[in-house]
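Model, not experiment: these values are computed from the prediction.
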Amino acid sequence: MNEQTELQQEQKRAQRVHARIEALVSELEAEAGDLKEQVVRIRKHFWEDVTVNIDNPDDVIETAISMKQQAEVLSERERSHRHTAAQLKKLDRLRDSLYFGRIDFREKGADEAESIYLGTASLIDENGEDFLIYDWRAPISSLYYDHVPGPARYETPDGFQEGEMTLKRQFIIRNGELETFFDTGETIGDELLQEVLGKGADANMKTIVATIQKEQNQIIRNDRARLLVVQGAAGSGKTSAALQRIAYLLYKHRARLKADQVVLFSPNPLFNSYVSTVLPELGEENMQQATFQEYLEHRLGRQFKVEDPFEQMEYVLTLRGAKGYEARVEAIRFKASAAFLHAIASYKDTLQQRGLIFRDIRFRGRLLISGQEIHDRFYATNPEHKFHNRLAAIAEWLLDRLAVIEEEERGKNWAKDEAEYLDPDIYDQAFRYRRKLERQNRRSAQKQTVENKAQDPSAKKDSYEQELEVLAGWVVKEKFKPLRRGIKLYRFLNIRAMYSRLLEEPELLKSCLPADASLPGHWEEACRDTLEKLKNKELSYEDATPYLYLKELLEGFHTNTTVRHVFVDEGQDYSPFQYEFLKRLFPRARMTVLGDFHQAIFTSALALSGFQALQGLYPNEDMETLRLTRSYRSTRPIVEFTRGLVGGRDIEPFNRPGTTPRLALVRSRDEAAERTAAQLREWQAAGYTSLAVICKTAEASRTAVEELRSRGLGHVHLIRKETIAFEPGIQVIPAYLAKGVEFDAVVVYDASAAEYGDESERNLFYVACTRAMHDLFLVAVHTPTPFLEDAEPGTYTLADEPTSVNR
């Protein structure tokens with residue numbers, strides 16, 4: 001059979017599948033409309049269709065049964081409508097793309113091969129017997145991603161099914177019409193990848209189910225590892241594979257895994273928005289998304305003004321040479337280290353024996369129980385008992401002491417004075433409290449008739465005084481409520497004072513460090529700055545996680561046992577403290593960590609060389625590491641240029657041609673702005689829609705926006721750390737916020753030695769350059785960054801004047 005005949009047959013099949021989808025859509029739309037009408041009618045006439053009669057007990061029971069039946073009918077119709085709506089959404093996704101691949105597989109022992117067509121969802125024929133489309137996540141679909149024609153096998157719940165793949169075919173289908181196909185001996189042929197990767201960038205990440213590579217499929221379908229670590233080059237598809245992995249897990253374990261039991265920790269709110277459409281495109285609800293900073297704010301935000309990582313980054317990038325700079329940078333690295341984690345844990349062990357600091361418990365400016373008294377009581381308890389049992393015993397003792405003091409306060413004048421001037425709404429609450437007391441004391445209280453009370457004036461007085469006492473008791477109870485709650489939450493522990501002591505006393509800290517660790521050279525200078533901030537209720541980013549770790553070691557860790565999977569993107573920027581937290585916070589969850597140490601840009605991460613912090617979280621047999629070395633985001637010339645910047649000889653470019661990156665050397669900032677504006681206009685004329693100007697810092701980005709707007713460029717948008725979504729036009733963004741996203745073309749604004757001259761900024765420069773999919777343009781004022789000296793010869797050219805773009 002020749003290729004043209006096969007194309008005609010495939011087109012006929014595509015038309016039949018499309019017709020089947022359209023018929024189903026029409027059928028389901030009518031069904032959805034009918035169900036909606038039923039729901040509306042039942043809600044509108046609910047009580048008309050219910051028999052209401054409460055004349056006798058039997059009638060009451062009959063009424064309850066009638067109401068229950070009507071409610072069940074309504075609930076069933078609503079469930080049916082939701083299910084039908086979900087089916088319509090699935091079909092709407094299928095009607096344009098239908099399917100993207102076909103494999104012919106002959107099982108071992110079978111005479112004929114079966115044709116398997118793969119798409120984003122399953123579809124059955126009119127008879128309900130045969131699959132017209134298989135969901136890409138079905139077990140047999142893994143053949144498409146993992147094998148080439150020849151012997152093949154796939155895993156089923158009952159074991160491996162072996163056989164032979166006789167054909168592998170890929171389709172390009174648009175608007176329900178099959179345009180072409182091609183057979184391939186590769187896992188995923190270059191033709192389809194070229195088609196997909198050659199498209200422009202978008203404001204949201206797209207699914208990659210049609211182009212999943214074998215190594216990405218291993219990540220997606222890995223259901224063994226308790227901890228899966230994915231190390232991948234920029235543009236290798238780490239994040240995309242992780243999102244498809246979530247979709248796969250929700251599909252495979254749909255009976256016991258829900259979307260809200262999966263959490264993705266991402267680098268910033270903009271990234272959350274960028275990936276938010278992937279799972280819905282695959283017919284799944286979005287997982288929970290958060291940043292680690294949001295968790296810190298949740299736990300510490302009421303006590304401190306907590307610095308975020310981007311504020312810390314701005315300090316490191318902009319204040320080099322300032323007083324105390326070197327001391328703080330040393331401290332940032334030290335406080336993110338495994339040695340400091342060990343020191344905090346050892347310090348907690350020391351505090352079990354001595355050194356706990358307790359707060360005084362005060363009320364209305366008066367000392368009720370001193371911190372010293374609590375201290376003496378704690379260390380009088382049996383040291384052989386578990387620490388938290390001893391602490392719980394102290395809390396119980398404090399609550400008992402508080403109850404006695406509270407009873408004494410009820411008879412004092414201040415309580416009665418406040419009781420006489422209660423607001424009306426508060427008065428109602430107090431009387432509900434009074435009625436509760438009366439019910440409790442009814443059997444033991446002396447009873448008087450209403451007549452006796454009316455005849456005896458003294459009884460009225462007693463009633464008034466009794467009422468005032470009850471109200472005063474309520475006032476005291478409400479005033480003591482924060483004290484009781486604080487004791488239950490162990491707020492009598494003075495965590496700030498204990499953390500401060502560890503910094504104030506170098507010998508104490510040294511005694512808690514591992515034997516092979518030492519304090520940084522400017523430690524005392526750094527500690528003075530930290531202690532001053534603590535007094536002002538400020539917490540630097542490098543102190544936030546260690547502080548919270550000590551707090552929860554002493555008070556007890558908050559845990560979430562419902563979450564089953566945790567995903568950490570940009571995992572190279574997480575410290576041992578943060579991984580320890582995630583493990584304790586989600587004790588029943590499996591963890592997937594994605595990272596690239598060539599993109600480790602935060603000062604704390606620069607002290608690390610790998611994911612050593614993860615080694616101790618899970619036993620070795622529960623941890624797997626997978627590496628992705630092929631980069632798909634950028635053209636071959638861009639990858640060949642960028643890999644030289646970080647010595648990434650193992651980074652393999654996908655063979656997609658493009659323009660060689662260009663460097664424009666200019667004499668001034670004004671000239672830099674002119675060249676940038678000219679290049680952006682040229683790209684716009686060439687049809688690029690996603691353009692970025694990447695600067696080193698937030699301040700540089702603000703300046704660049706003003707300079708570009710003053711040159712007549714419209715729709716120039718400044719991306720801040722608070723930005724949650726891209727707007728159409730040109731994005732001006734700090735390099736550290738650009739991680740994880742991509743653009744058609746990128747200008748690196750001021751790629752000079754003055755801007756990127758320190759070795760610690762190499763990875764930041766690499767991040768900026770690797771955001772470009774199709775074209776990369778560098779502008780340097782005077783001398784270019786020395787990092788270019790490490791680029792492979794011939795991988796970039798000097799740009800004298802703007803040149804035309806060939807897409």
Side-chain angles (χ1 to χ4, degrees), residues 298-305 351-352 355-381 385 387-423 425-437 440-441 467-501 534-535 537 539 547-548 550-558:
H298 171 68
R299 296 289 289 118
L300 298 171
R302 293 180 181 178
Q303 302 166 256
F304 298 98
K305 180 184 182 300
L351 291 172
Q352 294 184 74
L356 279 173
I357 303 174
F358 297 92
R359 298 181 187 277
D360 294 337
I361 296 178
R362 295 179 174 274
F363 180 69
R364 293 173 58 84
R366 180 163 57 90
L367 179 65
L368 299 184
I369 308 169
S370 71
Q372 185 60 47
E373 186 179 358
I374 302 171
H375 172 277
D376 295 344
R377 178 84 181 191
F378 177 86
Y379 286 112
T381 59
H385 291 170
F387 176 77
H388 286 103
N389 290 343
R390 297 166 70 189
L391 211 57
I394 291 299
E396 186 176 348
W397 170 71
L398 286 171
L399 289 172
D400 289 343
R401 287 281 305 273
L402 210 61
V404 174
I405 298 171
E406 181 179 341
E407 187 66 32
E408 295 171 353
E409 292 294 312
R410 289 178 177 178
K412 294 188 176 180
N413 290 335
W414 74 265
K416 293 179 180 179
D417 290 343
E418 290 200 18
E420 289 182 320
Y421 296 100
L422 291 177
D423 292 335
D425 56 337
I426 303 297
Y427 200 76
D428 291 339
Q429 294 179 38
F431 264 94
R432 285 196 293 273
Y433 168 71
R434 176 187 176 182
R435 286 193 293 271
K436 179 180 178 182
L437 288 180
Q440 293 172 348
N441 300 325
E467 178 181 301
L468 191 60
E469 287 177 4
V470 170
L471 293 175
W474 181 87
V475 167
V476 173
K477 181 181 77 73
E478 290 298 304
K479 295 289 186 182
F480 269 65
K481 188 180 289 184
L483 294 179
R484 289 194 299 272
R485 186 170 187 274
I487 289 172
K488 291 176 182 177
L489 295 174
Y490 298 160
R491 287 178 181 162
F492 51 84
L493 284 169
N494 195 335
I495 307 297
R496 182 165 56 170
M498 286 182 277
Y499 188 75
S500 297
R501 175 183 284 176
L534 285 170
K535 289 179 184 177
K537 296 187 176 180
L539 208 54
Y547 182 95
L548 184 56
L550 176 62
K551 177 181 173 66
E552 299 214 346
L553 277 176
L554 295 174
E555 297 178 354
F557 276 85
H558 291 224

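Looking only at side-chain heavy atoms (C-beta outward), Leu483 and Phe480 come within less than 4.5 Å of each other. Using a 4.5 Å heavy-atom threshold, the side chains of Asn494 and Leu356 count as separate. For the pair Ile487 and Ile361, the minimum side-chain heavy-atom distance is below 4.5 Å. For the pair Ile369/Glu373, a side-chain contact is recorded, criterion being any heavy-atom separation below 4.5 Å from C-beta on. Residues Leu493 and Arg359 form no side-chain contact, since every pair of their non-hydrogen atoms from C-beta on lies 4.5 Å or further apart. Side-chain contact check for Leu399 versus Lys488: some heavy-atom pair is nearer than 4.5 Å. Residues Ile495 and Glu555 are in side-chain contact: their nearest non-hydrogen atoms beyond the backbone lie under 4.5 Å apart.
Atom CD of Gln303 is surrounded by more than 12 heavy atoms from other residues, nucleotides or ligands within 6.0 Å. A 6.0 Å sphere centred on NZ of Lys305 holds no more than 12 heavy atoms belonging to other residues, nucleotides or ligands.
At distances below 3.5 Å, at least one donor-acceptor pair connects side-chain atoms of Arg496 with backbone N or O atoms of Leu534. Side-chain atoms of Arg501 come within 3.5 Å of backbone atoms of Gly355 as a donor-acceptor pair (strictly under, hydrogens ignored). Arg484 contributes a side-chain N or O that, together with a main-chain N or O of Lys477, makes up a donor-acceptor pair within less than 3.5 Å.
Listed here is the closest heavy atom pair of Leu300 and Lys551: CD2-CD, 4.2 Å. Annotation for Ala415 and Val476: closest pair CB-CG2, 3.7 Å, computed over non-hydrogen atoms. Of all non-hydrogen atoms in Gly411 and Lys416, the two that sit nearest each other are O-CE, 4.0 Å.
Summarising the geometry, atom CD1 belonging to Ile357 is positioned 13.0 Å from atom CD1 belonging to Ile374; distances are rounded to the nearest 0.5 Å. Within the model, atoms CD1 of Ile405 and CZ of Arg366 stand 7.5 Å from one another, a figure rounded to the nearest 0.5 Å. Leu368 contributes atom CG, which lies 10.0 Å from atom CD of Glu408 (distance to the nearest 0.5 angstrom).
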Check: residues 387-395 side-chain donor-acceptor pairs under 3.5 Å, at least two apart:
unit_1 : atom_1 : unit_2 : atom_2 : d
His388 : NE2    : Leu553 : O      : 3.3
His388 : NE2    : Leu554 : O      : 3.1
Arg390 : NE     : Thr381 : OG1    : 3.0
Arg390 : NH1    : Gln352 : O      : 3.1

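Partners of Arg302 by side-chain contact (heavy atoms from CB on, under 4.5 Å), not counting sequence neighbours: none found. With sequence neighbours left out, the ring-ring contact (aromatic ring centres under 6.0 Å, His included) criterion links Trp414 to Phe363.
For Lys479 and Glu418, the salt-bridge test passes: some basic side-chain N is under 4.0 Å from an acidic carboxylate O.
Below 30°, between 30° and 60°, or above 60°: for Phe358 and Phe492 the angle between ring planes is below 30°, a parallel geometry.
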